[in-house]
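Below is one structure, written out as structure tokens; comments come after it.
Every chain is numbered from 1 and lettered A, B, ... according to where its sequence line falls, protein lines coming before strand lines.
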Protein chains: 2
Amino acid sequence: MAKRVTLAEVAARAGVSPITVSRALRRPDTVQAETRARIDAAVAELGYVPDPAARALATGRADVIGVLIPSVTNAVFTDVLSGIYDGLADSRFDVQYAITRYDPGTEEKLIGVFLRQRPAGLIISGIDQTDAARRLLDRATCPVVQVMETGPDPVDMMVGFSHHDAAAAATRHLLDRGYRRPGFLGARMDPRTRRRFAGFRAEAEAHGVFDPDRVETTEVPSSVGGGAKLLRALLARHPETDAVFCNNDDLALGALFEAMRMGIPVPGQLGICGFNDLEMMRAAEPSLSSVRTHRFEMGARAVEMIRARLDGRDPGPAIIDLEAEILARRSTEGPTGNRPVET
Amino acid sequence: MAKRVTLAEVAARAGVSPITVSRALRRPDTVQAETRARIDAAVAELGYVPDPAARALATGRADVIGVLIPSVTNAVFTDVLSGIYDGLADSRFDVQYAITRYDPGTEEKLIGVFLRQRPAGLIISGIDQTDAARRLLDRATCPVVQVMETGPDPVDMMVGFSHHDAAAAATRHLLDRGYRRPGFLGARMDPRTRRRFAGFRAEAEAHGVFDPDRVETTEVPSSVGGGAKLLRALLARHPETDAVFCNNDDLALGALFEAMRMGIPVPGQLGICGFNDLEMMRAAEPSLSSVRTHRFEMGARAVEMIRARLDGRDPGPAIIDLEAEILARRSTEGPTGNRPVET
DNA sequence: GGCTAGAATGACAGCGCTGTCATTAGATGA
DNA sequence: TCATCTAATGACAGCGCTGTCATTCTAGCC
């Protein structure tokens with residue numbers, strides 16, 4: 001293995017003291033140009049790379065942004081991660097992530113672990129932390145950003161959207177298009193999902209078309225196959241259902257396939273709307289309506305807020321609502337075959 | 001923020017020296033039961049958690065497994081990650097991952113960065129490292145596992161499969177089912193993809209049915225929409241094409257949707273086979289054939305090999321081939337409507 | 001009872017870096 | 001020309017932990 005090159009060796013080669021090398025690396029403007037040039041040369045020749053552990057120990061903080069997400073296998077979170085990663089490119093920060101598996105207890109534990117590493121910042125998903133976790137976060141000395149959702153009481157900063165309102169808007173869209181007997185398909189009924197359901201319910205009730213029995217859910221994680229199953233179960237009980245709002249796109253895709261299998265025309269006899277607007281939605285046949293959430297941007301903005309704060313710049317408003325948008329496509333054109341919608 | 005609790009404070013409270021606390025934590029059997037009990041109590045009361053940076057500095061190594069993957073937004077790699085994560089649960093190791101963006105230069109740089117942190121182990125994707133990266137890895141003192149692919153010349157250990165052979169097997173499956181004018185759809189033509197193409201080509205040539213013009217590829221990353229486009233382009237030139245082997249499942253799904261749009265019956269007029277066997281393949285209508293790769297298991301096995309080596313146990317063979325399997329579903333039932341296949 | 005082996009514990013130094021001063025060299029002005 | 005100030009550099013100590021060796025204590029033995 002490449003033998004370790006220390007600051008001291010670089011210093012010896014450049015004919016200066018270690019501390020000057022350290023400064024030249026961290027605040028080049030405080031070192032004379034000529035000295036700096038010699039140091040840079042020595043660094044290059046020796047292939048010096050600072051030891052992050054030593055640095056963390058000496059400074060009492062780590063150049064690490066901690067990220068807590070529920071799952072890596074859910075495209076929703078990897079898009080956020082991708083935004084975070086992008087926002088951190090060319091910065092001195094590393095990302096350190098951990099998976100909570102949708103378990104608040106695990107999340108609480110991991111928050112503790114992270115905070116003791118004195119991270120430069122922390123990004124966590126959602127607003128459903130335990131009380132203990134909340135207390136930990138409140139006492140944190142680093143910037144904390146909650147992503148994916150907005151709520152009334154941020155720990156520190158927030159970039160997200162209202163799941164309730166987004167679901168309500170999607171439901172309104174179905175009703176606008178003329179559907180009158182909408183159902184709800186949901187999997188992994190975590191708090192976020194429940195708030196989406198609440199949005200669906202509120203909107204449907206406001207229009208007098210909510211039927212609690214036209215709701216089909218499962219605790220199992222969502223999947224395309226699961227969406228097919230849920231639709232089949234719902235239609236078995238309520239064949240009159242004329243539209244489904246699916247808690248996410250996998251379920252919607254599964255519902256579409258199941259409708260095909262059952263010979264049910266979409267959107268004529270059944271409207272389908274998903275949530276998240278994964279890439280496939282637009283490419284499907286018929287193209288599937290969905291709710292676009294700005295996942296990549298949430299990650300990027302979260303990082304930007306943290307960096308602004310660390311640099312002493314103005315991080316902007318504490319709560320950023322990147323409102324979700326309805327993307328109306330063919331799958332919700334309406335029971336009577338309304339005018340086509342652009343995709 | 002929870003104020004930092006040091007070893008010394010725990011030691012003071014337990015009435016022992018810091019060194020004893022350190023030992024009690026790392027090798028409990030070397031400390032008397034009674035002393036250990038006092039120390040454990042003090043740790044619990046104070047909520048002590050060791051500082052990983054200090055430990056890394058003092059020991060000269062970090063309890064970190066470095067993971068290099070091309071992308072987080074590709075389900076293929078997140079499944080591997082998931083396996084890694086699982087294999088590391090309840091161990092003292094942390095995962096530290098970095099994204100290469102399919103760029104060998106970036107990968108090389110990141111390998112350097114990782115190795116200087118003296119990680120406990122390193123997991124990298126594929127076998128296409130640069131020469132410089134290869135040299136770095138050869139000199140590494142920690143276990144190194146290449147995942148996702150097997151090849152003749154492992155850096156250290158390997159868990160993967162042959163993309164060439166898997167693609168050849170898929171092609172053979174198409175031919176077995178009676179398709180005679182197979183085409184190839186590919187996106188992001190990285191080395192892995194090229195080897196799959198080579199497998200397709202070799203098999204098709206062996207049967208005298210390879211037509212270099214029935215190959216439609218793009219440098220753009222794959223997507224469902226991209227699959228639709230590729231199929232459309234291919235069929236525009238070669239409407240006689242009776243089957244497509246798609247470089248991955250997204251393309252296959254897109255091809256299926258495009259076939260629907262074009263009114264082409266699948267599998268009767270066009271057979272479609274994907275690669276990776278994402279969950280949706282089985283749920284599609286018609287269900288889509290694919291090549292199942294054991295991604296989760298590759299991650300888990302890689303971790304297991306590293307842990308075995310670190311613990312002085314036998315890590316088993318240096319190269320593990322988790323052979324891919326053809327999952328024959330309805331989308332490749334054959335042009336004449338052969339007997340149904342179980343899904 | 002005195003001696004020794006081994007178990008349990010502790011003292012000391014240092015991992016590589018940086019914060020906080022102190023020091024030096026050069027520039028400025030009366 | 002000399003005092004004064006500023007920019008550039010350096011000395012020192014210490015971050016929290018662990019490796020190495022030294023020390024203490026206990027039990028076992030002749």
Between B:Asp103 and B:Thr106, does any side-chain donor sit less than 3.5 Å from a side-chain acceptor?
yes
State whether B:Arg26 places a side-chain N or O below 4.0 Å from either non-bridging phosphate oxygen (OP1 or OP2) of D:dG19.
yes
What nucleic acid atoms does B:Pro18 come within less than 4.0 Å of, heavy atoms only: base, sugar-phosphate, or nothing?
nothing
Nucleotide C:dC17, atom C1' - distance to CD of A:Glu9 in whole Å
14 Å
Reckon B:Thr35 has a side-chain N or O less than 4.0 Å from the OP1 or OP2 of C:dT9?
yes
Salt bridge between B:Arg188 and B:Asp190, side-chain N to carboxylate O under 4.0 Å?
no
Of the nucleotides C:dT9, C:dC17, C:dG19, which has the atom closest to the A:Ile19 side chain?
C:dG19
Which nucleotide in D:dG16, D:dG10, C:dC17 has an atom nearest any side-chain atom of B:Asp51:
D:dG16
Please tell me if A:Gln32 has a side-chain N or O lying less than 4.0 Å from either OP1 or OP2 of D:dA7.
no
For a quick test of reading the model: is some side-chain N or O of A:Thr20 closer than 4.0 Å to OP1 or OP2 of D:dG10?
yes
Taking the basic N atoms (NZ, or NE/NH1/NH2) and the acidic carboxylate oxygens, is any pair closer than 4.0 Å for B:Asp153 and B:Arg134?
yes
Base, sugar-phosphate, or nothing: which does A:Arg61 touch, judged by heavy atoms less than 4.0 Å apart?
sugar-phosphate
